[in-house]
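What follows is a short report on a single structure.
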Amino acid sequence: MAVSDCMRNQSGNPGRTAGGFGRRLLFDVRNQLAGMFGIPDTSRIIFTPNATTGINLAIRGILQDGDRVVTSSMEHNAVCRPLAALQKQKNIQVDVIQTSPEGYLDPDDLKRALNKPANLVVINHVSNVTGAVNDLKSLCTCIKTAGVTCMIDASQSAGVIPIDVEKDAIDILAAPGHKNLLGPTGTGFCYFSPDVNPEPLVFGGTGSYSELVDQPEHLPDRYEAGTSNFHGLAGLSAGIHYLLEQGFSSIMHKDNDTSRTILAGLQAIDGIKLHGPGHVERRMPVFSITCPGKDPADLANLLEEEFNLLTRVGLHCAPWAHRTANTYPEGTVRISPGLFHSREDLQYFLKSLDQAVTMLFS
Ligand SMILES: Cc1ncc(COP(=O)(O)O)c(C=O)c1O
């Protein structure tokens, strides 16, 4: 609705003279994000088309030849692949800390890894495979104490778990707009604290400092080359507005209720194995399941064809995480109920899953 209204009624490029509406909109969204994530300076919020671009911008813009990065065994390919590329291109050293099979990174293991000098730590807040929620405060405190730059991939948590970049001591935060911030695809953002100044990845028009041949130093222009996706950002603004109206406590309450219902339902179905936390605490409603001895793809196909239920099957762009959860190479069936699923939807899912598992083993 917000996107369609913006496309029908607003034109003009936000970075150019005719773009008054778009410029205001961009300020508004930056203000909303700043409020939600405790960011004191809105100009340090950079709009990106997704989380991957923000993660690349930071990793590729900061790391130099021979630098050392510490990361975890639960990361998404959005982190693993740029690190692998830089291992070849710049000979960086990547040290991967093993998490528990559920996906929890132990702060003591991180502390030990940081006994040696490092330039960057990059870890996710919540696993997209198991739903495990890392203890952000403890992990970021270890990183800060070691004097290392701290980057958090908040792809799963942004919008549903409170994050405060100052209180949590986060230097770089990257998140998509299209997941729990309820925006459209093609939106996302990253935040850079005043302590980091990555090299830009993309150079070009910003609508500002047109007399300069060099990319402006000014933020956010330094990183926002080219026309922004302001129609998409209109949708992101509406999504954040809705979340702020609901409030974190009511969203987290709903998520915990969902987790409780799904966990109890899964336990009651014979033949299902849950990969990830079996409790409501420190987990989000993202559930990876398998039926031991059966191909996860067969279960996902049954759910889709017989019950019209869409799940995501396979490795979820996170092969390291599946190795950690002992579900590599087949992967799992992932169920990710959202804010708008009702109790009836969850009951329908559990009943259908029970029937699908019976069909699978018959
Ligand atoms: C933990 C995690 N990191 C990064 C990403 C990449 O997000 P995007 O598709 O917005 O680039 C995802 C997406 O699934 C994710 O779950």
Side-chain angles (χ1 to χ4, degrees), residues 29 33 37 45-60 69 71-85 96-97 99 102-105 120-134 136 139 150-161 163 170 172-191 201-202 223 228-229 232-233 235-236 239-240 255 275-277 282-288 310-325 327 331-338:
V29 187
L33 289 169
F37 296 101
I45 295 170
I46 316 301
F47 291 127
T48 58
N50 45 47
T52 302
T53 304
I55 292 167
N56 269 266
L57 182 52
I59 287 179
R60 299 187 70 86
V69 190
T71 187
S72 92
S73 67
M74 283 308 280
E75 301 310 313
H76 187 277
N77 274 341
V79 168
C80 312
R81 285 181 172 168
L83 289 180
V96 181
I97 310 173
T99 71
E102 289 83 20
Y104 293 118
L105 176 57
L120 178 69
V121 175
V122 46
I123 46 177
N124 69 36
H125 186 187
V126 175
S127 163
N128 67 310
V129 171
T130 65
V133 178
N134 269 321
L136 205 55
L139 294 171
C150 165
M151 167 160 162
I152 301 298
D153 172 2
S155 292
Q156 293 289 327
S157 56
V160 288
I161 302 182
I163 297 172
I170 296 169
I172 303 162
L173 182 75
H178 61 87
K179 292 187 189 288
N180 286 318
L181 287 172
L182 307 181
T185 52
T187 59
F189 79 98
C190 64
Y191 156 77
L201 280 190
V202 181
Y223 303 107
S228 60
N229 173 16
L233 290 170
L236 179 59
I240 300 173
D255 270 1
H275 303 271
R282 285 188 53 200
R283 75 132 49 246
M284 271 184 53
V286 172
F287 306 91
S288 258
L310 285 179
T311 56
R312 169 114 188 257
V313 68
L315 294 176
H316 312 103
C317 302
W320 288 6
H322 278 282
R323 283 183 195 276
T324 305
T327 47
T332 56
V333 175
R334 189 184 65 185
I335 309 138
S336 6

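Counting convention: from 1, in listed order, for ligands and their atoms alike.
- In this structure, I170 and L136 have side chains that are in contact, with non-hydrogen atoms separated by less than 4.5 Å.
- Of all atoms in ligand 1, numbered sequentially from 1 with element shown, those under 4.0 Å from a heavy atom of A78 are 4 (C).
- For the side chain to side chain contact (heavy atoms under 4.5 Å, CB included) criterion with V126, the lone passing option out of V160, I161, N134 is I161.
- Residue pairs meeting the side-chain hydrogen bond (donor to acceptor under 3.5 Å, both in side chains) criterion with at least one partner in residues 150-159, sequence neighbours excluded, are H125-S157, D153-S155.
- Summary of contacts: the protein heavy atom closest to atom 15 (C) of ligand 1 is H76 CD2, 3.3 Å.
- Near P176, with a cut-off below 4.0 Å to any heavy atom, the atoms of ligand 1 are 10 (O).
- Between atom CZ of residue R81 and atom CG of residue N56 there is a gap of 11.0 Å, rounded to the nearest 0.5 Å.
- Of the heavy atoms in H178, only side-chain atoms (C-beta onward) come closer than 4.0 Å to ligand 1.
- Heavy atoms of S155 found under 4.0 angstrom from ligand 1 belong exclusively to the side chain.
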Problem set entry | Check against side chain to side chain contact (heavy atoms under 4.5 Å, CB included), L173 and F189 | CA-CA 8 Å; L173 182 75; F189 79 98; 4.1 Å; yes
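- Residue contacts with ligand 1, taken as heavy atom pairs separated by less than 4.0 Å, involve D153 solely via side-chain atoms from C-beta onward.
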Show me, pair by pair, the donor-acceptor contacts under 3.5 angstrom made by side chains of residues 312-322, not counting sequence neighbours?
from: H316; atom 1: ND1; to: G314; atom 2: O; distance (Å): 3.2
from: H316; atom 1: ND1; to: H322; atom 2: NE2; distance (Å): 2.9
from: H316; atom 1: NE2; to: R312; atom 2: O; distance (Å): 3.0
from: H322; atom 1: ND1; to: T327; atom 2: OG1; distance (Å): 2.7
from: H322; atom 1: NE2; to: G314; atom 2: O; distance (Å): 3.4
from: H322; atom 1: NE2; to: L315; atom 2: O; distance (Å): 3.4

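- In summary, the atoms of ligand 1 found under 4.0 Å from a heavy atom of N128, numbered by their order in the structure, are 16 (O).
- Taking CD1 of I59 as the reference point, atom CG of L120 lies at 6.5 Å (rounded to 0.5 Å).
- Residue contacts with ligand 1: Q156 is placed with a nitrogen or oxygen under 3.5 Å of a nitrogen or oxygen of the ligand (distance criterion only).
- The single protein non-hydrogen atom nearest to atom 11 (O) of ligand 1 is T52 OG1, 2.4 Å, given as residue, atom name and distance.
- To the nearest 0.5 Å, atoms OG1 (T311) and CD1 (I335) are separated by 7.0 Å.
- Ligand 1 places these atoms under 4.0 Å from at least one heavy atom of N50: 8 (P), 10 (O), 11 (O).
- One option in S336, A318, A51, A175 has a heavy atom closer to atom 7 (O) of ligand 1 than any other, and that option is A51.
- When non-hydrogen atoms are compared, ligand 1 lies under 4.0 Å from the side chain of K179 (C-beta onward) but not from its backbone.
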